[in-house]
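So that the names make sense, note that chain A is the first sequence line, chain B the second, and so on, each numbered from 1. No hydrogens, no waters, no symmetry mates; every other heavy atom, side chains included, goes into these values.
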2 protein chains.
Amino acid sequence: MNIGTAARQSGLPPKTIRYYEDIGLLTADRAANGYRDYSNEDVHRLRFVQRSRSLGFSVEECRQLLSLYTDRDRASADVKAIATEKLAQIDRKIAELTGLREMLGHLVEHCHGDARPDCPIIDGLSGRSRDH
Amino acid sequence: MNIGTAARQSGLPPKTIRYYEDIGLLTADRAANGYRDYSNEDVHRLRFVQRSRSLGFSVEECRQLLSLYTDRDRASADVKAIATEKLAQIDRKIAELTGLREMLGHLVEHCHGDARPDCPIIDGLSGRSRDH
DNA sequence: ATAAGGGTTCCAGCCGCTGGAAGCTCAAGT
DNA sequence: ACTTGAGCTTCCAGCGGCTGGAACCCTTAT
């Protein structure tokens with residue numbers, strides 16, 4: 001099948017698929033006319049990458065996961081190690097964002113939001129703390 | 001003061017400060033020898049940007065906030081609008097990551113993580129659901 | 001005199017795409 | 001048979017937000 005069809009079936013834009021081929025993540029056969037030719041198994045791999053990316057794995061991590069996916073003899077422990085590390089990264093990211101949310105939410109709460117130039121958000125950002 | 005001192009006092013690397021000047025976010029005076037020369041007020045602005053960036057505002061948003069910061073007559077409503085939108089973005093990001101966390105956590109939980117090639121994480125990523 | 005530790009400029013690269021130009025091929029309609 | 005339009009190919013450039021490195025200048029201490 002052509003790249004457009006593979007794109008529709010995998011949920012990845014054609015541009016992205018070509019890019020993945022460019023960086024050696026996934027290869028594709030070529031038809032006689034020079035068009036890329038994708039098998040169902042290729043589409044499986046594309047979907048695999050699509051899901052992995054959308055779960056927050058980097059392209060390099062996808063490369064690892066893909067080789068584990070392709071290697072029928074890999075130990076599940078290898079995969080688990082990658083996924084567990086990713087989980088920890090996500091937890092850190094959530095904690096960081098929650099901290100931000102709290103600080104920013106606090107600033108917004110204390111801003112009366114009218115036409116007066118007095119603004120706790122600006123003051124907070126500028127580091128000049130006020131007495132609340 | 002020189003860029004290195006301004007960097008230390010603002011918490012931004014010199015490279016980043018030069019970059020900000022490059023994109024017209026902040027300007028600096030020049031000393032006779034061609035070195036950038038920062039006033040205390042400049043450092044305030046640098047810190048302001050540093051804080052805003054670390055709170056998740058984009059450089060473009062920092063540009064807006066900075067002009068509101070500099071403009072003593074601005075309405076606090078303008079600032080509040082930007083901050084509130086940012087808050088919503090952060091909430092969306094947290095929700096998204098929480099979803100990821102749940103899905104990935106689920107996969108990791110069900111992976112026995114031993115030497116067997118059978119791996120629910122890989123299966124989950126490949127979209128072939130099993131009956132767990 | 002010289003060496004270290006600033007500063008300056010500019011150019012290139014990181015990630016993960018994405019847009020656009022120029023040209024080819026294919027399928028359908030007239 | 002010819003045209004049109006969609007889809008394919010390649011390559012080059014740019015996004016955001018820095019960051020590293022090269023090559024050079026300036027200042028200060030020994």
Side-chain angles (χ1 to χ4, degrees), chain A residues 1-39 42-43 45-66 86 89-90 93 96 100, chain B residues 1-39 42-43 45-66 82 86 89-90 93 96-97 100:
Chain A
M1 81 189 69
N2 284 347
I3 197 170
T5 313
R8 250 164 277 127
Q9 290 187 19
S10 66
L12 290 168
K15 277 267 185 192
T16 302
I17 297 178
R18 287 193 200 99
Y19 169 72
Y20 286 163
E21 184 171 332
D22 224 46
I23 61 171
L25 189 59
L26 296 152
T27 53
D29 286 345
R30 293 295 177 133
N33 57 9
Y35 286 17
R36 286 172 183 81
D37 186 25
Y38 295 88
S39 68
D42 289 332
V43 171
R45 265 189 283 271
L46 287 169
R47 287 170 62 82
F48 181 87
V49 172
Q50 191 275 322
R51 280 162 194 270
S52 305
R53 289 289 299 129
S54 80
L55 273 173
F57 290 95
S58 74
V59 167
E60 278 321 297
E61 285 164 336
C62 287
R63 206 188 290 274
Q64 291 176 56
L65 288 171
L66 206 49
K86 202 70 214 171
Q89 283 175 29
I90 292 174
K93 194 78 199 166
E96 188 190 339
L100 288 191
Chain B
M1 88 190 63
N2 283 347
I3 197 170
T5 313
R8 249 164 277 128
Q9 289 188 19
S10 66
L12 289 168
K15 276 267 185 190
T16 302
I17 297 178
R18 288 193 199 100
Y19 169 72
Y20 286 163
E21 184 173 331
D22 223 47
I23 61 171
L25 189 59
L26 296 152
T27 52
D29 286 345
R30 294 294 177 133
N33 58 9
Y35 285 17
R36 287 171 182 81
D37 185 25
Y38 296 87
S39 68
D42 289 333
V43 171
R45 265 189 282 271
L46 286 169
R47 287 170 61 83
F48 181 89
V49 172
Q50 191 275 322
R51 280 162 194 272
S52 304
R53 289 288 298 129
S54 80
L55 274 174
F57 290 96
S58 74
V59 167
E60 278 322 296
E61 284 164 337
C62 287
R63 206 189 290 272
Q64 291 177 57
L65 288 171
L66 206 49
I82 298 177
K86 204 69 214 172
Q89 282 175 29
I90 291 173
K93 194 77 198 167
E96 189 189 336
L97 282 174
L100 288 192

Quickly work out the [X] [atom1] to [N] [atom2] distance and round it to whole Å.
| X | N | atom1 | atom2 | value |
| --- | --- | --- | --- | --- |
| N2(B) | dC26(D) | CG | P | 14 Å |
| L12(B) | dC18(D) | CG | C1' | 11 Å |
| L46(B) | dC18(D) | CG | P | 12 Å |
| E21(A) | dT10(D) | CD | P | 7 Å |
| R8(A) | dA6(D) | CZ | P | 14 Å |

Report summary line: Axis-to-axis angle across the helix from dA1(C)-dT30(D) to dT30(C)-dA1(D), five pairs each end, nearest 10 degrees, ~ 30°

Query raised in the report: Between the side chains of S39(A) and D42(A), does any donor sit under 3.5 Å from an acceptor?
Result: yes

Answer whether the closest heavy-atom distance between the side chains of [X] and [Y] falls below 4.5 Å.
| X | Y | result |
| --- | --- | --- |
| K86(B) | L55(B) | no |
| F57(B) | V49(B) | no |
| R53(A) | C62(A) | yes |
| L66(B) | L26(B) | yes |

Requested in this report: Assign a letter to each nucleotide of nucleotides 8-18 of chain C from its 5' end: B, base within under 4.0 Å of a protein heavy atom; S, sugar-phosphate only; -, no contact.
Outcome: BBB-----BBS

Query raised in the report: Below 4.0 angstrom from OP1 or OP2 of dG7(C), is there any side-chain N or O of N33(B)?
Result: no

Query raised in the report: Would R63(B) and E60(B) satisfy side chain to side chain contact (heavy atoms under 4.5 Å, CB included), going step by step from the backbone distance to the final call?
Result: CA-CA 5 Å; R63(B) 206 189 290 272; E60(B) 278 322 296; 3.1 Å; yes

Report summary line: In terms of heavy-atom contacts, I17(B) and A6(B) come closest through CD1-C, 4.3 Å

Query - Sequence neighbours excluded - salt bridge (Lys or Arg N to Asp or Glu O under 4.0 Å) pairs with any residue from residues 6-18 of chain A - result: none

